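Take a look at the structure below.
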Amino acid sequence: MSSRSHLQIWHTVSQIPAGKVASYGQIADLAGLPGRARLVGKALQLAPASALLPWHRVLRSDRGLAFAAGSAQALTQRQLLLAEGVIFKGNKVSADAMWRPDLAALLFELQY
DNA sequence: TAATTGACCCTTT
DNA sequence: CAAAGGGCCAATT
């Protein structure tokens with residue numbers, strides 16, 4: 001049984017548009033769970049594949065991937081982002097790829 | 001019940 | 001710019 005927090009997190013992640021990225025902390029805040037970035041990581045880890053979440057659009061606050069460089073998951077994530085047109089600067093994505101949601105629209109979408 | 005573990009973050013050096 | 005240290009909190013052992 002998944003908690004309400006997980007559902008809220010998954011729903012928020014699903015709102016990230018293609019070609020944009022958000023940090024774990026940012027998602028936590030938007031989901032109404034300030035300061036709980038780690039919970040976002042946990043929620044994504046437990047997320048069912050059937051949810052079709054754009055998990056690859058979530059990364060660390062320093063805009064680097066959360067997975068170890070060279071790991072299969074890191075390579076996959078990088079590939080998915082490149083396919084969406086996200087520019088990489090070294091092992092981090094360019095700053096202008098950060099998602100800047102319209103809060104009013106997002107809050108409406110998330111049914112607050 | 002207590003200790004350990006993370007798909008993390010922020011401030012300070 | 002990179003590294004270190006402290007904080008965080010649910011889930012697992």
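Convention: sequence-line order gives letters A, B, ...; per-chain numbering from 1. Keep in mind the model is a prediction, meaning the values are calculated, not measured.
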Testing dC8(B), dA11(C), dC9(C) for proximity to the side chain of Lys42(A), the answer is dA11(C)

Determine the interatomic distance between C1' on dA11(C) and the same-named atom on dT1(B); round to the nearest Å. 15 Å

Could you work out which one of dA11(C), dC9(B), dC8(C) sits closest to the side chain of Arg38(A)? dC8(C)

From Leu59(A) CG over to Gln26(A) CD, what is the distance, rounded to the nearest 0.5 angstrom? 9.5 Å

Distance in angstrom units between Leu44(A) CG and dG6(B) C1', rounded: 13 Å

Rounded off to whole Å, could you give me the NZ-to-P distance for the Lys89(A) and dA2(C) pair? 14 Å

Provide, to the nearest angstrom, the distance between the OH atom belonging to Tyr24(A) and the C1' atom belonging to dC9(C). 17 Å

Return the value, rounded to whole Å, for the distance between atom CZ of Arg63(A) and atom C1' of dC10(B). 16 Å

If you assign Leu46(A) and Gly35(A) each to the DNA chain C nucleotide with the nearest heavy atom, which residue ends up on the more 5' nucleotide? Gly35(A)

Picking from Gln73(A), Gln79(A), Glu84(A), what satisfies side-chain hydrogen bond (donor to acceptor under 3.5 Å, both in side chains) with His56(A)? Glu84(A)

Can you check the Asp62(A) CG to dA7(B) P distance for me, whole Å? 16 Å

From CG of Asp29(A) across to C1' of dC10(B) the rounded distance in Å is 13 Å

Check against side-chain contact (heavy atoms from CB on, under 4.5 Å), Leu103(A) and Leu30(A): CA-CA 9 Å; Leu103(A) 293 184; Leu30(A) 294 174; 3.9 Å; yes

Side chain of Arg36(A) only, heavy atoms from C-beta on: which candidate in dC9(C), dC9(B), dA7(B) is closest? dC9(C)

d(CG, Leu81(A); C1', dA7(B)) in whole Å: 13 Å

Which of these nucleotides, dC9(B), dA7(B), dA2(C), is closest to any side-chain atom of Arg60(A)? dC9(B)

Could you grab the distance from atom NZ of Lys42(A) to atom OG of Ser5(A), nearest 0.5 Å is fine? 13.5 Å

Please confirm whether the backbone N or O of Asp96(A) pairs with a side-chain atom of Lys20(A), one donor and one acceptor, at under 3.5 Å? yes

At under 4.0 Å between heavy atoms, what does Leu39(A) touch on the DNA or RNA strands: base, sugar-phosphate, or nothing? sugar-phosphate

Classify Ser23(A) by what it touches in the nucleic acid, base, sugar-phosphate, or nothing, heavy-atom distance under 4.0 Å. sugar-phosphate

Interatomic distance at P, dG6(C) relative to dA7(B), whole Å: 23 Å

Just the rounded figure in Å: distance from P of dG6(B) to CZ of Phe67(A). 13 Å

